[in-house]
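Every number for a ligand or one of its atoms is a count from 1 in the order of the listing.
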Amino acid sequence: MSAETLNKEILRGGQFLVKETDCEDVFTLEDLTEEQKMMRESTKEFVDRELWAHWERFEKKDYAYTEACMRKAGELGLLSVAVPEAYGGMGMGFVSTMLVCDYISGATGSFSTAFGAHTGIGTLPITLYGTEEQKQKYVPKLATGEWFGAYCLTEPGAGSDANSGKTKAVLSKDGKHYSITGQKMWISNAGFCNLFIVFARIEDDKNITGFIVENDPSNGITLGDEEKKLGIHSSSTRQVFFNETQVPVENMLSERGNGFKIAMNALNVGRIKLAAACLEAQRRVINEAAKYANERVQFKTPIINFGAIKAKIADMATNAYVDESACYRAAKDIEDRIAIREADGNSHQEAELKGVEEYAIECSILKVAVSEHVQHTTDEGIQIFGGMGFSADTPMESAWRDARIARIYEGTNEINRMLAVGMLVKKAMKGHVDLLGPATAVGEELMGIPSFETPDFSELFSEEKDMVARLKKVFLMVAGSAVQKFGPDLEKHQMLLMSAADILIQIYLAESAILRTEKNAKRFGENPQATQIAMAKLYLYRAVDIVRQQGKEAIVSFAEGDEQRMMLMGLKRFTKYTNQPNVVELRTQIANKVAADNGYVFD
Ligand SMILES: Cc1cc2nc3c(=O)[nH]c(=O)nc-3n(C[C@H](O)[C@H](O)[C@H](O)COP(=O)(O)OP(=O)(O)OC[C@H]3O[C@@H](n4cnc5c(N)ncnc54)[C@H](O)[C@@H]3O)c2cc1C
């Protein structure tokens, strides 16, 4: 790890809200090393050759083909990037693992789900929590794709409430085995996996416990039929029944009662990786949409020339660009935090665990935002294709159906919205993020007389950065008052939490795009970054609207009288542009660039 990393003051998770970040301190896709770029290229080649060229097979429920592609990915080492070298992996940094996850996931949701379930939740619990023996025994096989993993948390009665599962683990009289009995559902990779991570309850424990269970049908394990699903047609999803399945005691993961923690920490990683997995899908949809819109002629004009289509293309490209900015910013923060913890003497295992946990707020933010953007982009992709978009013969239709699952698994978007705000409030209570000080300062500012000076916004992004700082004040004003009013009962006010989460999400995303672009404009020049500058500005404009709307909804629902009036005035002041951006001009500029390049060329 470089001295630079150690010396750099890295923001703690959630601190982006109360601290200003220098653009030089954010990592961007433009900072990839040559090695990472090569890895990206070889991943893309694999996808084009094995997945994209055969996307129809994934639509025809060719589960065997998904499995065959997973084996090929294993042969190429693509399943092992996150696995430490000691267990047969490449032991690459967090950014590299995000990169592979990103570029391998764009062609079909079937493969990306199989890949994510195996490398993430199917393998990670062992690398993060396994004993040395467990890791030596299982991880090398999982890293090469000789074995595949699956993750059994969900049950018919335990979905979002994951700790309420009824699957039981009973210790044998001789103390050598646990006997596991229960029903798991929606298990990705169940049809072809060799190993399950299973969560079960011992006696009447408050919390579930994790186990590594080898898939052996002679050991009381049976599978339901493949689920008939809206999308990800070739991802194997089955129920798994355990009937007195014997599991050696040494296959318990971590300690008794630690299963919920394992499940949640695996999901933290899963969430940011899922966000990454929704990036390339957006890029590919934009590429297809741009090509089609350039070729499709109506009213004697390629449809890309119509403003209505340009607006869609511009918004699609903007979302993808902003999502990339936020994902890789967070990924590098996690990588640096892991490095710092290792330098402090933590094992890699502990460092990775704590490093990701530290940024659980950002992981939830990204999961929600990017899964919703990919849904929007695939939807607009269909619209640009018109009737052809509705046809199963074009990849738009399957992209739209495949995208839908991302809002449901790895914790639904409702649960992740609540988690993002809830975790932030908890961090503030523990003193890890000082929300109280800045929230009090905002309160004082609201009571004071506003400045009537016209600020100098001549420098690139000076107004936008000032706006982001003010959006943070909106969050502090709304969330701070809500915490004061409701205290621990705030968690019962879900509609408020949803609004607060939306504000938080917009702040992180808008800021990430501005910082990436500012950094790049400084080193590459403003002209070559003109479109990226337009995208950062357009996104912020839309973010301000969302913050204004969600802020207002929250304020009028819990504040009354003078307090309400003051907060609404504050909201107006904090979301006011001095120079309104010309949104039509921005969208036109972005769309024209995508049209000229016949696709998305900003990564
Ligand atoms: C294709 C697919 C693959 C999957 N793969 C796996 C896998 O490999 N392993 C695994 O263990 N699981 C897997 N899952 C399960 C997935 O994680 C769950 O479906 C998800 O966590 C939601 O649980 P649920 O379906 O029971 O919905 P529910 O929890 O019943 O939720 C229904 C609705 O209620 C909302 N809701 C629930 N609780 C609250 C609350 N407290 N406050 C507000 N709203 C709430 C939810 O947001 C949602 O909108 C998969 C699911 C699918 C569809």
Side-chain angles (χ1 to χ4, degrees), residues 58 61 63 66 70 108-125 148-167 182-193 195-200 208 210-211 213 215 223-242 259-260 262-271 273-274 277 364 367-368 371-372 375 401-422 490-499 501:
F58 294 102
K61 306 194 177 171
Y63 300 102
T66 301
M70 284 289 286
T108 158
S110 296
F111 183 84
S112 62
T113 300
F115 180 84
H118 169 73
T119 57
I121 50 183
T123 303
L124 213 71
F148 291 114
Y151 176 88
C152 298
L153 178 64
T154 307
E155 299 183 10
S160 300
D161 188 6
N163 201 25
S164 68
K166 291 194 167 44
T167 298
Q183 178 183 0
K184 297 289 178 179
M185 88 181 286
W186 301 119
I187 306 309
S188 303
N189 293 356
F192 66 97
C193 74
L195 173 156
F196 298 104
I197 305 293
V198 181
F199 295 92
I208 50 180
F211 296 90
V213 182
N215 186 3
L223 301 179
D225 292 338
E226 287 289 353
E227 299 287 350
K228 297 182 180 74
K229 305 188 296 286
L230 171 72
I232 55 170
H233 277 167
S234 289
S235 160
S236 172
T237 320
R238 294 184 172 204
Q239 295 202 46
V240 184
F241 302 89
F242 297 97
F260 190 57
I262 299 172
M264 291 305 111
N265 275 328
L267 286 177
N268 282 337
V269 182
R271 282 167 190 157
K273 294 277 173 80
L274 175 58
S364 283
K367 191 274 177 185
V368 173
S371 66
E372 292 179 4
Q375 187 78 66
R401 286 186 290 96
D402 282 4
R404 186 62 184 85
I405 186 59
R407 288 162 56 199
I408 297 170
Y409 58 20
E410 306 280 346
T412 64
N413 282 14
E414 293 74 30
I415 296 291
N416 272 291
R417 278 188 161 86
M418 287 188 281
L419 277 176
V421 179
L490 179 60
E491 66 180 27
K492 294 186 192 143
H493 296 265
Q494 290 195 351
M495 294 191 204
L496 263 181
L497 292 177
M498 296 291 126
S499 292

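A ring-centre distance under 6.0 Å is not found for F260 and F199.
Between the T123 side chain and the H118 main chain, a donor and an acceptor come within less than 3.5 Å of each other.
In terms of protein heavy-atom proximity, atom 15 (C) of ligand 1 is closest to T154 OG1, 3.2 Å. With hydrogens left out, the protein atom closest to atom 20 (C) of ligand 1 is I408 O, 3.7 Å, a heavy atom. Of all protein heavy atoms, the one closest to atom 39 (C) of ligand 1 is I415 CD1, 3.8 Å. In terms of protein heavy atoms, atom 22 (C) of ligand 1 is closest to T412 CG2, 3.8 Å. Protein heavy atom closest to atom 24 (P) of ligand 1, with residue, atom name and distance, is G159 CA, 3.9 Å. Given atom 38 (N) of ligand 1, the protein heavy atom at minimum distance is S160 CB, 3.7 Å.
The distance from atom CZ of R417 to atom OG of S499, rounded to the nearest 0.5 Å, is 9.5 Å. Within the model, atoms CD1 of I187 and CD of Q239 stand 9.0 Å from one another, a figure rounded to the nearest 0.5 Å. Considering CD of E155 and CG of D161, their distance stands at 10.5 Å, rounded to 0.5 Å. Taking NZ of K273 as the start and CG of L124 as the end, the distance is 7.0 Å to the nearest 0.5 Å. Atom OH of Y63 and atom OG1 of T237 lie 7.0 Å apart (nearest 0.5 Å).
One option in Y409, W186, F199, Y151 has a heavy atom closer to atom 5 (N) of ligand 1 than any other, and that option is W186. When the heavy atoms of N416, I405, L497 are ranked by distance to atom 2 (C) of ligand 1, first place goes to I405.
Checking atom 7 (C) of ligand 1 against the protein gives a heavy-atom contact under 4.0 Å. Counting protein heavy atoms under 4.0 angstrom from atom 33 (C) of ligand 1 gives zero. Closer than 4.0 Å to atom 30 (O) of ligand 1 lies none of the heavy atoms of the protein.
Residue D161 does not touch ligand 1, judged by heavy-atom distances below 4.0 Å. At a heavy-atom distance under 4.0 Å, no atom of N189 approaches ligand 1.
Close N/O approach between I232 and ligand 1 is not found [any backbone or side-chain N/O within under 3.5 Å]. The shortest N or O to N or O distance between Q494 and ligand 1 is under 3.5 Å.
At least one heavy atom of M418 sits less than 4.0 Å from an atom of ligand 1.
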